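First comes the structure, then the notes that go with it.
Just so it is clear, the model here is predicted, and its values are computed rather than measured.
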Amino acid sequence: MIVKDFNLQHTIECGQFFRYKKENDFYYIQTKDKIIKIKQKNNQLISNESDEFLINFFNLNQNYQEILTILNKHNDIRELTKQFYGLRIINQDPWECMISYISSSARSIPLIKQSIDLMSKQFGEEIIFDKSTFYTFPKINSLNDLDKLKQCKLGFRVDYIIRVNSLVNNEYFKNLKELDYEKAKQELMKLPGIGPKVADCICLFSLKKFEAFPIDTWIKKYLKQTNLDYKQFYPYQGYAQEFIYYLMIASKFLYATV
DNA sequence: ATCCAGGAATTTT
DNA sequence: AAAATTCATGGA
């Protein structure tokens, strides 16, 4: 498939998405019970998945230039959209997104990935793909075994997950998608383990609420240093957040390796 | 050994 | 209403 205004690496590695691994030139992306093998060569995407699926998953039908027009109004952010050109918000599955980000609170990315993989191994189904073993993401309401959850190295988040597991279902998410951003966020925050930050992540990464602006410690640091008013990027504040976030974790990596 | 991590809930000022 | 403490683990 031919794509424009899209960069696979930036989109996958900017920190919004946990379930992937890179092998040779290919990314193996996992979502729900799917495995997507994919690589990009210039403006071409090579994958085992259908164009239709990829367009939806990477939000490729969104007008990128329209988003950039708004983000580029600010000089610093214009530098970032140039540096990370083609970064898109991934359209995740809401249930998977919810569990992933509840697991994420006060932890680093490698540990989050580890817990998600362990949950998939404990509660998902095995798939052999390209001679490697993968596990599907646990289905809604299947995370109900306390002993198994305790083996997933989730710490105190086990309690949140086992409670949320019994509080949501397909209908919950169907209704959630109908709500506007503010309402959806409020609804999400009624659930245990979901505060403002995690609710914003779920809104942005799985409900197409692009005005959501999740504020974690890194973003907070950036906002404090730069005095940036993120509301000027309405209704694409979420895109601004992701560019900034990518900058922060990328520079963190730089400092860590020097 | 000690501290803290991409937060949230609870308790204390 | 804001600030401090707690939560369970792995890693620096």
Side-chain angles (χ1 to χ4, degrees), chain A residues 10-20 77 80 84 87-90 92 94-122 143 145-168 176 182 184-207 209-210 212-226 228 230 237-258:
Chain A
H10 293 157
T11 299
I12 293 177
E13 296 187 8
C14 68
Q16 61 178 320
F17 190 76
F18 301 111
R19 299 184 76 209
Y20 72 90
I77 305 302
L80 293 183
F84 303 132
L87 189 165
R88 300 251 185 183
I89 302 289
I90 290 179
Q92 302 186 34
W95 158 251
E96 188 170 330
C97 187
M98 175 181 281
I99 297 301
S100 298
Y101 278 93
I102 290 174
S103 316
S104 80
S105 84
R107 296 209 303 168
S108 62
I109 291 175
L111 290 178
I112 301 164
K113 283 183 175 177
Q114 184 187 43
S115 281
I116 294 173
D117 287 342
L118 285 170
M119 278 190 281
S120 300
K121 199 165 184 174
Q122 289 285 344
L143 294 170
D145 187 322
L146 184 59
D147 290 331
K148 281 188 182 179
L149 273 177
K150 280 184 175 172
Q151 292 173 26
C152 299
K153 302 183 178 180
L154 288 155
F156 60 87
R157 303 157 195 87
V158 163
D159 183 52
Y160 298 146
I161 288 178
I162 203 162
R163 287 165 64 196
V164 164
N165 178 67
S166 65
L167 289 172
V168 302
L176 197 62
E182 295 291 347
K185 182 174 178 178
Q186 293 310 316
E187 199 58 41
L188 284 164
M189 285 173 60
K190 290 178 185 171
L191 296 175
I194 301 183
K197 191 268 181 180
V198 171
D200 272 334
C201 285
I202 298 167
C203 284
L204 178 60
F205 299 135
S206 73
L207 300 176
K209 309 300 184 196
F210 301 107
F213 190 91
I215 299 178
D216 55 51
T217 54
W218 293 103
I219 298 294
K220 198 177 288 180
K221 225 175 265 186
Y222 182 91
L223 293 179
K224 197 172 179 182
Q225 283 173 7
T226 61
L228 181 78
Y230 65 85
Q237 297 157 192
Y239 270 90
Q241 191 271 1
E242 216 42 34
F243 279 102
I244 296 167
Y245 186 68
Y246 195 20
L247 169 76
M248 295 306 278
I249 64 170
S251 53
K252 176 191 169 191
F253 178 72
L254 268 180
Y255 284 114
T257 52
V258 167

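Contact annotation for Pro192(A): backbone-only contact, meaning every heavy-atom pair under 4.0 Å involves sugar-phosphate atoms and none involves a base. Within the nucleic acid shown, Ile194(A) comes within 4.0 Å of sugar-phosphate atoms alone, with no base atom in reach, counting heavy atoms only. At the heavy-atom level, Pro110(A) lies nowhere under 4.0 Å from the strands shown. If you check every strand for non-hydrogen atoms under 4.0 Å, Leu191(A) touches sugar and phosphate atoms only.
Taking only side-chain atoms of Pro196(A), from C-beta outward, the nucleotide of dG7(B), dA8(B), dG10(C) with the closest atom is dA8(B). Side-chain atoms of Lys197(A) lie closest to dA8(B) of the nucleotides dA8(B), dC7(C), dG11(C).
One atom, CE of Met98(A), and another, C1' of dG7(B), lie 16 Å apart when rounded to the nearest Å. Atom CD1 of Ile249(A) is separated from atom P of dA5(B) by 16 Å (rounded to the nearest Å). Between the NZ atom of Lys221(A) and the P atom of dC4(B) there is a distance of 12 Å, rounded to whole Å.
Between the side chain of Gln16(A) and the backbone N or O of Arg88(A) there is at least one donor-acceptor pair closer than 3.5 Å.
With Tyr101(A) as the aromatic partner, Lys197(A) does not meet the cation-pi criteria of under 6.0 angstrom to the ring centre and within 45 degrees of the ring axis.
When each of Ser105(A) and Arg163(A) is assigned the nucleotide of DNA chain B bearing its nearest heavy atom, the one mapping closer to the 5' terminus is Ser105(A).
Residues Asp117(A) and Lys121(A) are not paired through a salt bridge, judged by the lack of any N-O separation under 4.0 Å between the basic side chain and the carboxylate.
Just one residue in the list Tyr239(A), Trp218(A), Phe17(A), Phe84(A) forms a ring pair (Phe, Tyr, Trp, His ring centres under 6.0 Å) with Tyr246(A), and that residue is Phe84(A).
With P as the reference atom, dT11(B) and dA8(C) are 14 Å apart, rounded to whole Å.
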